[in-house]
Amino acid sequence: MTEGTTSAAAEGADTLTRLEQEGEIAADYLEGLLDIADLDGDIDMDVEADRASVSIISDSGGRDLQKLVGRDGEVLEALQELTRLAVHRETGDRSRLMLDIAGYRAKKRAELSELGAKAAAEVRSTGEPVKLKPMTPFERKVVHDAVKTAGLRSESEGEEPQRFVVVLPA
């Protein structure tokens with residue numbers, strides 16, 4: 001191994017350790033919230049795409065956990081921000097942690113990937129740009145990734161909360 005390779009491997013291990021620590025801090029914080037709210041849920045931690053990922057899942061179908069998702073994921077977004085703040089308070093570093101509750105984000109990611117692929121197909125067949133409805137940053141990221149996978153490009157336009165994706169011809 002060369003010195004550069006050793007350094008890169010050590011940096012990768014340090015990043016993984018840091019992300020696992022973020023997941024542990026987030027899990028502790030979320031367990032406390034579940035106890036306060038008297039909700040049952042299991043915490044699952046992972047590292048995906050260079051960010052900590054924490055999921056709250058339930059054996060009972062997640063009916064109670066839907067309260068933590070809220071309408072259109074609004075409560076989930078707020079809990080994610082609170083969890084990121086809890087991680088920041090402990091580590092001093094900004095967190096990009098992703099939170100999923102009762103599979104809401106996983107389902108939403110699949111729907112948005114399909115939307116991005118359909119928009120890309122429409123642009124490819126018509127040669128005209130397609131503007132999508134306003135979306136959250138998470139939703140836009142998933143659509144951008146799907147469009148890129150389809151071989152086209154996309155941009156975000158507008159101001160929050162009315163920011164939207166435009167899929168462009170090649």
Nearest heavy-atom contact between Pro169 and Gly127 is CG-O, 3.3 Å
Assess whether atom CG of Asp40 is packed by more than 12 heavy atoms of other residues, nucleotides or ligands within 6.0 Å. no
Note: Asp50 and Arg96 closest approach over all heavy atoms is O-NH1, 3.4 Å
Applying side-chain contact (heavy atoms from CB on, under 4.5 Å), run through Leu132 and Val166 and close with a yes or a no. CA-CA 6 Å; Leu132 302 175; Val166 178; over 6 Å; no
On the six-membered ring of Phe164, is Arg140 placed so that its NZ or CZ lies under 6.0 angstrom from the centre and within 45° of the ring axis? no
Minimum-distance pair of heavy atoms, taken over all atoms of Gln66 and Ala102: NE2-CB, 3.6 Å
Let me check something: do Val54 and Val47 share a hydrophobic cluster, defined by ILVMFWY side-chain heavy atoms less than 4.5 Å apart, either directly or through other members? no
Residue pair Ala119 / Val167: nearest heavy atoms and the distance that separates them: CB-CG2, 3.8 Å
Short question: side chain of Asp14, backbone of Arg18 - any donor-acceptor pair under 3.5 Å? no
Following the transitive rule for hydrophobic clusters with a side-chain heavy-atom cut-off under 4.5 Å over Ile, Leu, Val, Met, Phe, Trp and Tyr, establish whether Ile101 and Leu33 coincide in one cluster. yes
Do the side chains of Pro161 and Pro134 get nearer than 4.5 Å, heavy atoms only? no
Atom pair CD/CG of Glu155 and Leu168 - distance to nearest 0.5 Å: 5.0 Å
Grab the two heavy atoms, one from Gly116 and one from Ala146, that are nearest each other, plus how far apart they are. CA-CB, 4.0 Å
Apply side-chain contact (heavy atoms from CB on, under 4.5 Å) to residues Leu30 and Thr83 and explain how you reach the verdict. CA-CA 7 Å; Leu30 291 166; Thr83 305; 3.4 Å; yes
Indicate, with yes or no, if Leu152 and Met135 share a hydrophobic cluster defined by side-chain heavy-atom contacts under 4.5 Å among Ile, Leu, Val, Met, Phe, Trp and Tyr. yes
Side chains of Val142 and Ser113 in contact at under 4.5 Å (non-hydrogen atoms): yes
What's the separation between atom CD in Glu81 and atom CG in Leu76, rounded to the nearest 0.5 Å? 10.5 Å
Is Glu77 salt-bridged to Arg105, going by a charged N under 4.0 Å from an acidic O? yes
For a 4.5 angstrom cut-off between non-hydrogen side-chain atoms, does Glu20 reach Met45? no
In this structure, CG of Asp100 is separated from CD of Gln80 (nearest 0.5 Å) by 9.5 Å
Can a salt bridge be assigned to the pair Lys108 and Glu139 using a cut-off of 4.0 Å between side-chain N and carboxylate O? yes
Hphob cluster co-occupancy, Leu79 + Ile57, side-chain heavy atoms under 4.5 angstrom: no
Exercise: do Ser95 and His88 side chains pair donor with acceptor under 3.5 Å: no
Please answer: with hydrophobic residues joined when any side-chain heavy atoms are less than 4.5 Å apart, are Phe138 and Ile56 in the same cluster? no
Before you tell me yes or no, could you show the steps for Val165 and His144 under side-chain contact (heavy atoms from CB on, under 4.5 Å), namely the whole-Å CA-CA distance, both residues' side-chain angles and the distance that decides it to 0.1 Å? CA-CA 8 Å; Val165 174; His144 285 305; 4.0 Å; yes
Contact check, side chains of Leu65 and Tyr104, non-hydrogen atoms, under 4.5 Å: no
Can you tell me how far CG of Asp28 sits from CD of Glu90, rounded to the nearest 0.5 angstrom? 8.5 Å
Leu19 CG to Leu97 CG distance, which is reported to the nearest 0.5 Å: 9.5 Å
Distance in Å, Glu157 CD paired with Arg163 CZ, rounded so as to fall on 0.5 Å steps: 8.5 Å
So, the side chain of Glu48 versus the backbone of Ser53: is there a donor-acceptor pair under 3.5 Å, distance only? no
Around atom CG of Asp38, are there more than 12 heavy atoms from other residues, nucleotides or ligands closer than 6.0 Å? no
Got a donor-acceptor contact below 3.5 angstrom from the Ser125 side chain to the Glu122 backbone? yes
Do the non-hydrogen side-chain atoms of Thr91 and Gln21 ever get within less than 4.5 Å of each other? yes
Glu160, CD atom: more than 12 neighbouring heavy atoms under 6.0 Å: yes
Is there a side-chain contact between Glu74 and Arg71, using heavy atoms and a 4.5 Å cut-off? yes
In sequence, state the C-alpha distance, the side-chain angles, and the governing distance for Leu34 and Ile43, and then conclude on side-chain contact (heavy atoms from CB on, under 4.5 Å). CA-CA 10 Å; Leu34 289 174; Ile43 309 286; 4.0 Å; yes
From the options Lys141, Glu114, Met98, select the one residue that forms a side chain to side chain contact (heavy atoms under 4.5 Å, CB included) with Arg109. Met98
